[in-house]
Amino acid sequence: MSAPADLLAIGAGPAGLTAALAFKRRNPAARVVVADRMGEPGAKLAVTGGGRGNLSRDIHPDDLVRAFAPSDRFVAPAIRAFPPTALRAFFRGIGVPTVVEPGGGIYPASQSAPAVRDALAAAARRAGVEFRMGAAVCRLEPPDSSDSIETTDSIDSSSWRAYFASSPSPLAARRVLLAAGGQSAPALGSDGSGFALARALGHRIVAPVPGLAPILVDDAPWISALAGVSLPDAALRLAMPQRLLRESRGPLLFTHRGLSGPAALDISAALSRALAHTDPFTLYLAVLPAPRDKFRALLDTLRRTDGARPLRRALAPPLPQRLADAMLSLAGVPPDTPAARLAAPAADRLATALCALPLTVTRTATFAESMVTSGGVYLPEVHPKTLASRLHPTLSFAGEILDVAGPTGGYNLHWAFASALLAATATARS
Ligand SMILES: Cc1cc2nc3c(=O)[nH]c(=O)nc-3n(C[C@H](O)[C@H](O)[C@H](O)COP(=O)(O)OP(=O)(O)OC[C@H]3O[C@@H](n4cnc5c(N)ncnc54)[C@H](O)[C@@H]3O)c2cc1C
């Protein structure tokens, strides 16, 4: 019988690998095992950032923390202890120099996410971490559990028992780190089974919904006709009567099925939640992200100062011509109408189409098409300064399994690494 592991990390994604490596570095004599249901570690990490791996952002740690609102207070200890400068130093230390791209994204200098995954896994192996691949954990029994299904007394009752779908013998471990991710892109490993493990241990799970997913807009053929058109700056607003629920702003892409790009991805989780209560839901699109009334006043000025100009020319630029024509058509304004001939009701309709166009949305894309899962282990049941469970002192969490989801652009990987380091450091001390 082998000795119980000092730490079992469930999930060899960025969080599990980083935690296993950090724990082993702090306790070189410890037995650290990382188990993953997939045949290779970090399958998802290897495809991030379009295969280039957007690891973090070169911004002030306070801004990084704020981007995680409403979970900002929870993520603060982990991110402050491991800001972007520390992340870059950590990766340099395992042979992955990084670069900052003009938009602020931190990427490996090799531009290769698989190389990041390989370096992380190799560093963990070099440090002496044991890998169990193809090992899906299907049941976890806490120490001194009264409902043990283990029939022999080979495992002392002060250890955790992890049962694998592929093997009849459980693994004993003194501490467990659950880093099994969410349930987005399940073909890459995280299939939601981590939530089931946490729930079986008594943790509440905030209902998972797809986050960072494209928005599907049915019955809007004008959108599919614009497929491929993109805007550098647009806004989407999710609002109830009298209440703005969420706003996102940034680049937007029209697709055959709806909207994508950061502005759409960043609002998708809030939209998924809204749709769970109210279906369909109205989303307001501003292809010109200015207050509607301000733009309406601008149209009046245009009528007076440049009245001979056809409206389709006045709008493009700043808009791409195809989009300007589509907006005029939605507002019921013939595209070649000279600005001076724009009647007040038509100007009202045009201002609405450009700055607050209502779109009826009935669904967002599925988990399979989403990049992160919003929802997960309920944060009040986890200590933010150690990421240890408040229900089981020798259980910790890291990464996407927690009810933490950041916007697109490196925030989620930063959270995976930072939370793993905090959990590992605190666990190694305990
Ligand atoms: C296509 C795509 C591109 C992305 N690009 C970026 C990007 O550029 N930048 C960014 O910041 N974020 C990006 N993300 C999000 C980012 O990949 C995740 O937030 C991050 O991988 C989460 O890390 P994690 O370790 O918590 O979970 P995961 O990476 O999901 O790893 C969890 C691991 O646990 C294993 N596992 C699950 N259940 C069990 C079980 N029961 N037993 C054993 N093992 C189990 C899984 O096989 C998996 O390997 C992207 C996501 C996708 C899908």
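In what follows, residues are counted from 1 in the order of the sequence shown. In listed order, ligands and their atoms are each counted from 1.
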Undergrad: To which protein heavy atom is atom 27 (O) of ligand 1 closest, and what is the distance rounded to 0.1 Å?
TA: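 Answer for atom 27 (O) of ligand 1: Gly181 CA, 3.4 Å.
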
Undergrad: So if I count the atoms of ligand 1 from 1 in the order they appear, which ones are less than 4.0 Å from some heavy atom of Tyr411?
TA: 11 (O)

Undergrad: How far is atom 42 (N) of ligand 1 from its nearest protein heavy atom, and which residue and atom name does that atom have?
TA: Val137 N, 2.9 Å

Undergrad: What protein heavy atom lies closest to atom 18 (C) of ligand 1? Include the residue and the distance to one decimal.
TA: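 For this ligand atom, the closest protein heavy atom is Glu400 OE1, 3.1 Å.
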
Undergrad: Between Glu381 and Arg204, is there a donor-acceptor pair closer than 3.5 Å when you use the side chain of the first and the backbone of the second?
TA: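 Yes; judged by distance alone, with no hydrogens or angles, the pair exists.
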
Undergrad: Would you check the N or O atoms of His414, main chain and side chain alike, for any that come under 3.5 Å of an N or O of ligand 1?
TA: no

Undergrad: To the nearest 0.5 Å, what is the distance between OG1 (Thr18) and CG (Leu422)?
TA: 13.0 Å

Undergrad: Check Arg31, Arg175, Arg174 against Asp6 for a side-chain hydrogen bond (donor to acceptor under 3.5 Å, both in side chains) and give me the one that passes.
TA: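 Exactly one pass, corresponding to Arg174.
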
Undergrad: Any chance you could measure His256, atom NE2, to Leu226, atom CG, to the nearest 0.5 Å?
TA: 11.0 Å

Undergrad: With a 3.5 Å distance limit and no angle check, can you tell me whether Arg390 reaches the backbone of Pro380 through a side-chain donor-acceptor pair?
TA: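 A pair under 3.5 Å: yes.
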
Undergrad: Considering non-hydrogen atoms of the protein only, which is the closest contact for atom 49 (O) of ligand 1, and what is the distance?
TA: Asp36 OD2, 2.6 Å

Undergrad: Any chance you could measure Arg246, atom CZ, to Ser268, atom OG, to the nearest 0.5 Å?
TA: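 It comes to 9.5 Å.
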
Undergrad: Quick check against the 3.5 Å criterion: does Asn54 have a side-chain atom that pairs as donor or acceptor with the backbone of Ser56?
TA: yes

Undergrad: State the atoms of ligand 1, each with its element, that fall below the 4.0 Å cut-off from a heavy-atom position in Gly189.
TA: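 That gives atoms 37 (C), 46 (C), 47 (O) of ligand 1.
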
Undergrad: Under 4.0 Å from a heavy atom of Ala15: give me the atoms of ligand 1 that qualify, with their elements.
TA: 25 (O), 26 (O)

Undergrad: Which ligand 1 atoms, with their elements, are less than 4.0 angstrom from a heavy-atom of Ala136?
TA: 42 (N), 43 (C)

Undergrad: Which residue and non-hydrogen atom of the protein lie closest to atom 5 (N) of ligand 1, and at what distance in Å?
TA: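 That would be Gly49 N, 3.0 Å.
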
Undergrad: Could you tell me the residue and atom name of the protein heavy atom closest to atom 51 (C) of ligand 1, and the distance to it rounded to 0.1 Å?
TA: Met371 O, 3.3 Å

Undergrad: Can you name the atoms of ligand 1, numbered from 1 with element, that are less than 4.0 Å from a heavy atom of Ala416?
TA: 23 (O)

Undergrad: Within a distance under 4.0 Å of any heavy atom of Ser193, pick out the atoms of ligand 1 and give their elements.
TA: 38 (N), 39 (C), 40 (C), 41 (N)

Undergrad: Which option wins on minimum heavy-atom distance to atom 6 (C) of ligand 1: Leu402, Val47, Thr48?
TA: Thr48

Undergrad: Pull out every atom of ligand 1 sitting under 4.0 Å from any heavy atom of Met38, numbered as shown with elements.
TA: 47 (O)

Undergrad: Quick one: nearest non-hydrogen protein atom to atom 34 (O) of ligand 1, plus distance?
TA: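 Ranking protein heavy atoms by distance from atom 34 (O) of ligand 1, first comes Gly11 CA, 3.2 Å.
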
Undergrad: Check Arg37 against ligand 1 and report side chain, backbone, both or neither, counting heavy atoms closer than 4.0 Å.
TA: both

Undergrad: When you measure from the side chain of Thr98 to the backbone of Arg88, do you find a donor-acceptor pair of N or O atoms at a distance under 3.5 Å?
TA: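 Between the backbone of Arg88 and the side chain of Thr98 there is no qualifying donor-acceptor contact (under 3.5 Å).
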
Undergrad: Applying a heavy-atom cut-off of 4.0 Å, say which part of Ala113 lies close to ligand 1: side chain, backbone, both or neither.
TA: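 Ala113 to ligand 1: no contact under 4.0 Å from either part.
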
Undergrad: Between Tyr411 and Phe68, what is the ring plane arrangement, given parallel below 30°, perpendicular above 60°, and tilted in between?
TA: perpendicular

Undergrad: Do Arg237 and Tyr284 form a cation-pi contact, if we require the NZ or CZ to be under 6.0 Å from the six-membered ring centre and within 45 degrees of the ring's axis?
TA: no

Undergrad: Heavy atom of Gly182 under 4.0 Å from ligand 1?
TA: no

Undergrad: Quick one: which of Gly409, Ala185, Gly105, Ala135 has a heavy atom closest to atom 53 (C) of ligand 1?
TA: Ala185

Undergrad: In terms of ring plane angle, is the pair His203 and Phe397 parallel, tilted or perpendicular, where the classes change at 30° and 60°?
TA: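 Geometry flag for Phe397 against His203: perpendicular rings.
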
Undergrad: As a quick check of understanding, evaluate salt bridge (Lys or Arg N to Asp or Glu O under 4.0 Å) for Asp325 and Arg322, giving each step before the final call.
TA: CA-CA 5 Å; Asp325 291 350; Arg322 279 166 66 199; over 6 Å; no

Undergrad: Considering Gly399, Ser190, Pro14 one by one, which has a heavy atom nearer to atom 23 (O) of ligand 1 than any of the others?
TA: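 Considering heavy atoms of Gly399, Ser190, Pro14, the nearest to atom 23 (O) of ligand 1 sits in Pro14.
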
Undergrad: So, Asp266 side chain and Thr408 main chain: donor-acceptor pair closer than 3.5 Å or not?
TA: yes

Undergrad: Need the ligand 1 atom indices (1-based, order shown) with element for anything under 4.0 Å from a heavy-atom of Asn412.
TA: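 That gives atoms 11 (O), 12 (N), 19 (O) of ligand 1.
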
Undergrad: Applying a strict 4.0 Å limit to heavy atoms, is Ser184 in contact with ligand 1?
TA: no

Undergrad: Among all protein heavy atoms in this structure, tell me which lies nearest to atom 37 (C) of ligand 1, with the distance rounded to 0.1 Å.
TA: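 Ranked first by proximity to atom 37 (C) of ligand 1 is Ala180 O, 3.2 Å.
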
Undergrad: Is it the case that Thr394 and Trp160 place a side-chain donor and acceptor less than 3.5 Å from each other?
TA: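 There is such a pair between these side chains.
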
Undergrad: Counting heavy atoms only, which of Leu413, Leu45, Asp191 is nearest atom 16 (C) of ligand 1?
TA: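 Looking at heavy atoms only, Leu413 sits closest to atom 16 (C) of ligand 1.
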
Undergrad: Any chance you could measure Leu245, atom CG, to Leu271, atom CG, to the nearest 0.5 Å?
TA: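 Rounded to the nearest 0.5 Å, the CG-CG separation comes to 10.0 Å.
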
